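One structure is given below, encoded as structure tokens.
Lettering follows sequence order; numbering is per chain, from 1. This one's a predicted model, so the numbers in the text were calculated from it and none came from an experiment.
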2 protein chains.
Amino acid sequence: MASKLTAGDLQIITRIAVFRGLKAETVEHIIAPATALMLRPHDWIVRQDDPATAFFIVIDGWVKLYRSTQSGDETVIDIMTKGQSFAESVAFTGNRYMATAEAVSEARVARIPADHIVRCIRQSPDIALGMVASISQHMHHLMQQVEQLKAQSGVQRVAEFLASLSLTEQGHCAVALPYDKVLIAGRLGLTPESLSRAFARLRSIGVVVDASHVVVKDVAKLRQLANDDRSSVRGTLRAVR
Amino acid sequence: MASKLTAGDLQIITRIAVFRGLKAETVEHIIAPATALMLRPHDWIVRQDDPATAFFIVIDGWVKLYRSTQSGDETVIDIMTKGQSFAESVAFTGNRYMATAEAVSEARVARIPADHIVRCIRQSPDIALGMVASISQHMHHLMQQVEQLKAQSGVQRVAEFLASLSLTEQGHCAVALPYDKVLIAGRLGLTPESLSRAFARLRSIGVVVDASHVVVKDVAKLRQLANDDRSSVRGTLRAVR
DNA sequence: TAGCCGCCTTGATCTCGATCAAGAATTACC
DNA sequence: GGTAATTCTTGATCGAGATCAAGGCGGCTA
């Protein structure tokens with residue numbers, strides 16, 4: 001299950017947020033004891049509440065972060081892919097993992113032992129600043145999620161999600177849904193049924209969803225819908241078949 | 001508006017999360033260039049999207065963190081009080097503040113310049129580890145908030161909020177609401193009307209709210225309600241006058 | 001003391017999203 | 001090929017929470 005990192009893995013790892021601005025040799029020193037995990041769907045990487053001994057970088061595939069409540073159901077916190085890191089902050093502090101990480105596709109993930117990183121930081125503090133920058137991004141993302149859940153309706157969250165998939169700023173575009181709809185629904189705090197109905201409503205402003213294939217007539221309109229005041233959106237958008 | 005820190009301020013600052021585990025002299029060195037801000041309600045401390053030049057520790061009073069959407073309304077992210085710090089992560093990275101910070105009562109807040117801290121970290125990396133620990137706490141809190149918004153009903157969030165105010169584990173207890181109900185509602189992602197009705201429903205399990213004074217007959221029951229599955233709570237709890 | 005202005009509650013109504021149930025479409029597997 | 005299991009969609013219904021509107025209450029100022 002665990003193996004060595006390949007040259008290709010290094011390529012990806014060295015150019016991501018956590019290690020940005022560090023010298024190549026510094027990065028190589030940090031990840032010397034790292035290993036690569038090969039995962040199949042439903043394999044887990046870490047368990048919520050386990051003591052943190054490492055942090056991780058997704059090299060390929062998709063990884064779901066979720067929290068389990070006492071009553072048993074799971075809440076999706078985030079879904080990560082190539083070039084994204086997770087669990088940095090707890091790895092440093094020796095706390096417990098805040099969420100379970102589980103592969104939702106075939107995935108390759110680099111595992112960097114915590115104790116080694118802590119030693120590296122004591123030697124060259126610049127590493128810490130890079131890590132803080134990465135953690136800061138995660139915080140920003142979480143804040144945006146809180147904001148979305150509190151201030152936007154379900155349809156608006158779906159619109160924003162689709163807009164975020166598109167690289168263009170405006171006009172026509174086609175994107176592919178990155179993972180299945182049950183998972184997208186969880187990510188957005190909706191049931192699969194509600195997500196399906198949200199798509200149906202977005203058809204009225206020129207969004208066509210067919211399986212994982214999405215065509216958007218005007219991305220700007222999507223973004224505007226997402227950013228409008230909740231109350232000004234209310235009542236517009238009838239479901240279209 | 002800005003003045004020097006008093007000995008009492010130091011007392012509070014030195015024993016909080018950010019600086020835990022550091023030697024007293026190290027802490028003193030870090031906060032040497034710090035100043036104290038005296039604030040009146042509605043005074044703001046930092047503005048969302050401004051470049052970060054410092055981070056902050058609340059010495060006394062209450063501070064609201066909120067994000068403004070393009071459409072103008074504000075989403076409460078968190079409410080902080082004595083001994084809590086904010087904006088550490090962006091202060092290090094030189095990013096922009098992720099939210100606006102505003103006093104909601106008379107408040108005293110210490111301001112620690114970012115550039116000085118960064119210099120300190122380069123000298124003694126242990127400081128960075130302490131700061132990461134503090135940031136990690138904030139992340140945990142944000143994740144819990146996402147989880148609550150996605151998995152709990154309004155009444156359950158109110159129940160959890162009340163339980164968190166109580167220091168006892170079980171049995172009878174009396175607590176005071178720390179700030180006004182409009183703000184509590186915002187913090188929990190509810191309207192003031194819905195908060196009021198949530199209180200009315202909790203009366204049926206022995207929670208009496210009178211102005212800012214709350215009496216709970218059995219805290220354990222509150223916690224259980226908060227942690228139950230959403231669907232198993234549905235329909236229970238009728239409003240009581 | 002009167003008047004006003006926040007804060008809070010209550011009532012009526014409406015929309016959104018969850019839930020329950022069923023069926024279509026796709027894929028996996030024997 | 002046929003059957004089963006997933007995944008997704010659609011319909012009907014229900015409850016939670018938002019919204020709109022009104023009124024009570026306490027503190028503030030003139």
B/E106 atom CD: more than 12 heavy-atom contacts under 6.0 Å:
yes
Roughly how many Å is it from CG in A/D180 to P in D/dT7, rounded to a whole number?
6 Å
Let me spell it out: for each of B/S231 and B/Y179, pick the nucleotide of DNA chain C with the closest heavy atom. Which residue's pick is nearer the 5' end?
B/Y179
Crowded around A/Q144 CD? As in, over 12 foreign heavy atoms under 6.0 Å?
yes
Answer yes or no: is there a side-chain heavy-atom contact under 4.5 Å between B/S196 and B/K181?
no
A/L190 CG to D/dA16 P: how many Å, rounded?
19 Å
Indicate whether OP1 or OP2 belonging to D/dT9 is found under 4.0 Å from a side-chain N or O atom of A/K181.
yes
For A/D229 and D/dT19, give me the distance from atom CG to atom P, rounded to whole Å.
8 Å
Separation of D/dG17 C1' from A/K150 NZ (nearest whole Å)
15 Å
Length of the CD-C1' vector between A/E193 and D/dC14, whole Å:
14 Å
Mind calculating the distance between CZ (B/R203) and C1' (C/dT10) to the nearest angstrom?
11 Å
So what does A/R230 touch, heavy atoms closer than 4.0 Å: a base, only the sugar-phosphate, or nothing?
nothing
What integer distance in Å separates A/R197:CZ from D/dG11:P?
9 Å
Would you say A/Y179 and A/R187 make side-chain contact, with heavy atoms under 4.5 Å?
yes
Within the structure, does a side-chain N or O atom of B/S196 lie under 4.0 Å from either OP1 or OP2 of C/dT9?
yes
Are side-chain heavy atoms of A/V207 and A/V214 found at a separation under 4.5 Å?
yes
Counting only side-chain N and O atoms of B/S194, is one of them less than 4.0 Å from OP1 or OP2 of D/dA18?
yes
If you look at every strand shown and take non-hydrogen atoms under 4.0 Å, does A/L195 touch a base, only sugar-phosphate, or nothing?
nothing
Between the two end axes of the helix from C/dT1-D/dA30 to C/dC30-D/dG1, each built from 5 base pairs, what angle do you get to the nearest 10°?
30°
Check the distance between C/dG17's P and A/L149's CG and give it to me in whole angstrom.
12 Å
Is there side-chain contact between B/K64 and B/E74, with at least one heavy-atom pair below 4.5 Å?
yes
Has A/T191 got a side-chain N or O lying under 4.0 Å from the OP1 or OP2 atom of C/dA18?
yes
Distance alone, cut at 3.5 Å: any donor-acceptor contact between the side chains of A/T53 and A/R111?
yes
